[in-house]
Amino acid sequence: MPIILIMELKQSDFFNDVFEVVKLIPKGRVTSYGAIAKYLGTARSSRMVGYAMNASHFADQKIPAHRVVNRNGLLTGKHHFATETRMQELLEKEGIIVSNNQIQNFEKHFWDPQTELAL
DNA sequence: TGATTGACTTACG
DNA sequence: TCGTAAGCCAATC
């Protein structure tokens, strides 16, 4: 990934905000695309959050994109990782049970930025 | 320049 | 309860 492209990514405030929130997700917790979008004030553009995650691979490797799943706790984004099991492995390493591409006790692990960051 | 396509969510029939 | 449609907006064709 050329630095120029990274800088172009940084031009998007929305992406930047998404990255900031994702980086704040505590270890062993997960959140959803919609929750992040809602926190940013654009609940309807949750697709953009997913898009931002796609770009996160190139923008900043420290972004725990594996902690972001869809609102059902389904690992819909796992294809975008190096391997299909990578996302699950990372989550399980943090104590989250993943079965059949879905996070178990999702509600327990759910981390709502709007609530946790108390805006 | 305009159309299509998403790591999604919500609303409606 | 389940399927379909619409809305969001950046990126790609």
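All values below were derived from every heavy atom in this structure, side-chain atoms included, with hydrogens, water molecules and symmetry-related copies excluded. So that the names make sense, note that chain A is the first sequence line, chain B the second, and so on, each numbered from 1.
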Nearest-angstrom distance from the residue atom CE of A:Met53 to P of B:dT9: 13 Å
Under 4.5 Å between side-chain heavy atoms, counting indirect links through other Ile/Leu/Val/Met/Phe/Trp/Tyr residues: same cluster for A:Ile96 and A:Ile63 or not? no
Nucleotide of B:dT9, C:dA10, B:dA7 approaching A:Met87 most closely (side-chain heavy atoms): B:dA7
How would you label the contact of A:Asn54 with the nucleic acid (heavy atoms, under 4.0 Å): base, sugar-phosphate, or nothing? base
Less than 4.5 Å apart, side chain to side chain, heavy atoms only: is that true for A:Arg29 and A:Phe110? no
Expressed as a whole number of Å, how far does the P atom of B:dT4 sit from that of C:dA5? 16 Å
In whole angstrom, give the distance that lies between atom CG of A:Leu74 and atom C1' of B:dT9. 14 Å
Could you check which of C:dA10, C:dC8, B:dA7 has an atom nearest any side-chain atom of A:Phe15? C:dA10
N/O (side chain, A:Ser46) to phosphate O (OP1/OP2, C:dC8) under 4.0 Å: no
Do A:His66 and A:Glu94 have side-chain N/O donor and acceptor atoms under 3.5 Å apart? yes
To the nearest angstrom, how far is A:Leu40 atom CG from C:dC8 atom C1'? 13 Å
Applying side-chain hydrogen bond (donor to acceptor under 3.5 Å, both in side chains), which residue pairs with at least one partner in residues 95-108 of chain A are found, sequence neighbours left out? A:Lys78-A:Asn101
In whole angstroms, how far is the C1' atom of B:dT5 from the NE2 atom of A:His79? 16 Å
Establish whether the base of B:dA7 is bridged to the side chain of A:Tyr33 by a donor-acceptor pair shorter than 3.5 Å. yes
Could you state the atom-to-atom distance from NZ of A:Lys38 to P of B:dT9 in whole Å? 12 Å
Roughly how many Å is it from OH in A:Tyr39 to C1' in B:dC8, rounded to a whole number? 20 Å
Between P of B:dC8 and CG of A:Asn70, the distance in whole Å: 7 Å
Please tell me which of the listed nucleotides, B:dA7, B:dT9, B:dG6, lies nearest to the side chain of A:His57? B:dA7
Over 60° means perpendicular and under 30° means parallel, so classify the ring planes of A:Phe81 and A:His57, tilted if in between. perpendicular
Given B:dT9, B:dA7, B:dG6, identify the nucleotide with an atom nearest to the side chain of A:Ala65. B:dA7
Looking only at side-chain atoms of A:Tyr51, point me to the closest of C:dA11, B:dA7, B:dT9. C:dA11
To the nearest angstrom, the CZ-C1' distance between A:Arg71 and B:dT10 comes to 8 Å
